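First the structure, in the form of structure tokens, and then the observations on it.
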Amino acid sequence: MKLKIIAAILLFASWSCVNKKTAIVESSSKLGNDLVIEQKVDSVLKLMTIDEKIGQLNQLTGNGEVTGPVSFANEYQEAIRRGEVGSMLNVNGASYTYKVQKIAVEESRLGIPLIFGYDVIHGYKTIFPIPLGDAASWDLESIEKSARIAAIEASAAGQHWTFAPMVDIARDPRWGRVMEGAGEDPYYGSQVAIARVKGFQGNSLADPNTIVACAKHFVAYGAAMGGRDYNTVDISDRTLHEVYLPPFKAAVDAGVGTFMSSFNELNGIPVTGNKGMVKEILKEKWHFNGFIVSDWGSIREMLVHGIATNEYESAELAMNAGIDMDMEGHIYINQLKKLLADGKITEKQIDDAVRRILRIKFMLGLFDDPYRYCDTAREKELLLNPRHLEIAREVSRKSMVLLKNNNVLPFSKNVKSIAVIGPLADNQDDIIGTWSARGEGKDAISVLTGIKQKVPTARINYAKGCEITDESKVGFAKAIAAAKNADVVLVVVGEAAMMSGEALSRAFLDLPGVQKDLVLEINKLNKPMVVVLMNGHPLTIEWMDKSVPAILEAWLPGTMGGPAVADILFGDYNPSGKLPITFPRNVGQIPLFYYHKNTGRPRVEAERYTSKYIDSPNTPLYPFGYGLSYTTFEYSNFNISANEIGMKDTLKVWVDITNTGKYDGEEVVQLYIRDLDGSVTRPVKELKAFKKVFIKSGEKVKTEFTLTANDLAFYTRTMEFKAEPGDFKVFVGGNSHDLQELSFRLK
Ligand code: BGC
């Protein structure tokens, strides 16, 4: 008892001697550079026993959603009292987190506050489109805003930390987690990573409405063979550096506070035990000063991978690799002390990990007020706040991509009757998608309701037609009758929420069940018809593109998905989204992405011995960067400032875009380059810049881009990141396929 009091006094002295204002860190990118915080961290560290230090590295799960096996979840209160827990995940709500925090602060010897983490992936209670859809807006402000609102709601509900953004590049649409990221491109993925980190973390982690972000899953998890979740990753060092690492580096530069290591092995070594990746690249080369949490049980899984024979060895591997916190694995808490006694790890290593965790806790202001995130009044006011719902609607309509439109859309608001058909038309549960935190279907607005609100005087003929996955066609007759008796027809089809996400990879990317037949039957009526797609994986819908007159990709659009779809269908918003990932024609083409190499025998239709399939084109159904608008854009006056530039020069690139259609609209102007003669082969196109511009009907805007040698740099034959002299192409256009090109030389 005495000890506890002395410790408390010491702690009080060390924490309160510092003026609160100076404890506020202006920018989260100052991780580790704030001397005041560093002194405080040291003062706490000095008071800690080795058991308490190891306790800080231990993360346990509460009774909320779990994503893996839970061991002794009900005993966590005792463990917290004993100072054996540094963090909890899946503990939700202002009053519940308050209770749990109180145990840590008032009943453990040192009273070190817990950090609560949760998967706040695309909203907390107000759910935004799935991250892949959110990224399809190509609107970084909008992307930042959705993360900001997610943070405002989550922090009001007691959360300090989100396990997001997922910045894994995903080039295989079969992979279940493709819905959680920003698609296939390292440049665009990096821009989205920055926007999301900024959104979650705001200007300062000291603000109680910000939460610390987590760049995950480090690294190359998206390169799982065959798109099968958790599968082996075997890629070249060059691909790793060029494609998979850049968004993580961008997150570090944006000041992200934490990282999560991935489940996968990378070229033979599970990343959770991979010193070369975690310690040497992330901590030493990139100077990342936040902390790294393992993925759920991934330290233990090194036994299953076959790289450790017992828990002791897996703990040794993870600690020596630089993993600071063990997520629900119970390995560090059981093994680190023994490893220390045996000299397999040092106390310095443990101190470094503890220091990183305490640093983030100080930055969040938890030592000043451990309950600052547990405010039930704030929680009540902010969750599903009308302003948040309005923003969710805006973000949602910006995420949608018009894939085809043969003069069907927008529908007139004077339409007399409309048929609304399909298993996702009156659906509230699936449209919020997977990883939807505390979001609930009951709060979501379906497409059917959205349409009713938009055109209250129109007659609506609703028929489900079929279920998402069932084989029964008994509902077809009713759906056909509904369509026959309507002026225009809307069919909402796609995937259930639980068909994408973790452990939800697909071997086929068709519309599940009998939905394809439903679409084709309705289409036979030759009505003005639009298919609204809701899905987390890109789908193989060549048949649909060939048959139906209009297709809108709405992803899994979140709480306000219904009104957002209605805004687009009836012309209150002109679609402006572009695909952040290629849509293949068929599964056999996968992997298929725009950023590919030329080969020595690029495809020539009439020549047999060229790189092609005998039963499929090489081209995708819809390329990366593709998306239509209700208006049309014409590109002209494409020009560059020089035909030759030096290593220190800049190249200006200009192009004018004219809105030649009837509607005001936004265009995503994309700039790609190609290096024609590198010391290693280079992709046929690489996105280097983009701008989303609003152009009134009939008006023209001039756009300007600037390229430097750094934009032309890559990992050369000797793995140096630099530009090489030679010939280049620069392309501009509205997607990665339809581009104009010019040439220049780098001296
Ligand atoms: C997932 C992570 C997630 C964690 C906690 C794991 O299974 O891979 O992305 O953050 O669970 O829920």
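One-based numbering along the sequence shown. One-based numbering, in listed order, for ligands and for the atoms of each. Keep in mind the model is a prediction, meaning the values are calculated, not measured.
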Show me the side-chain donor-acceptor pairs of residues 286-294 shorter than 3.5 Å, one per line, residues at least two apart or across chains.
unit_1, atom_1, unit_2, atom_2, d
H287, ND1, E284, O, 3.4
N289, ND2, L31, O, 3.1
S294, OG, M327, N, 2.9

>> Please identify which of these residues, D229, N264, D295, N231, meets the side chain to side chain donor-acceptor pair (under 3.5 Å) condition with Y221.
In response: D229
> With sequence neighbours left out, what residues match T582 under side-chain hydrogen bond (donor to acceptor under 3.5 Å, both in side chains)?
Replying inline: E184
> So is M260 in contact with ligand 1, going by heavy-atom distances below 4.0 Å?
Replying inline: yes
> Is it the side chain, the backbone, both or neither of M166 that has a heavy atom closer than 4.0 Å to ligand 1?
Replying inline: neither
>> Which of the numbered atoms in ligand 1 are under 4.0 angstrom from any heavy atom belonging to L89?
In response: 5 (C)
> Short N/O distance, under 3.5 Å, between K216 and ligand 1?
Replying inline: yes
> Which atoms of ligand 1 sit under 4.0 Å from any heavy atom of F263?
Replying inline: 6 (C), 7 (O), 8 (O)
>> I need the atoms of ligand 1 closer than 4.0 Å to a non-hydrogen atom of F163, numbered in the order shown.
In response: 10 (O)
> Taking atom types as modelled, is there a side-chain donor on Q56 or D324 under 3.5 Å from an acceptor on the other?
Replying inline: no
> Between E553 and N535, is any side-chain donor less than 3.5 angstrom from a side-chain acceptor?
Replying inline: yes
> Judging by distance only, is a nitrogen or oxygen of Y221 under 3.5 angstrom from one on ligand 1?
Replying inline: no
> Any non-hydrogen atom of R177 lying under 4.0 Å from ligand 1?
Replying inline: yes
> Just heavy atoms, cut-off under 4.0 Å: does N90 contact ligand 1 by side chain, backbone, both, or neither?
Replying inline: neither
>> Using a plain distance cutoff, I'd like to know if W296 has any nitrogen or oxygen under 3.5 Å from a nitrogen or oxygen of ligand 1.
In response: no
>> For a quick check under 3.5 Å, do Y312 and N334 share a side-chain donor-acceptor pair by atom type?
In response: no
> Is Y118 in contact with ligand 1, taking contact as a heavy-atom separation below 4.0 Å?
Replying inline: no
> Are any non-hydrogen side-chain atoms of T272 and H305 less than 4.5 angstrom apart?
Replying inline: no
> How about R228: does its CZ atom have over 12 heavy atoms from other parts shown lying under 6.0 Å from it?
Replying inline: no
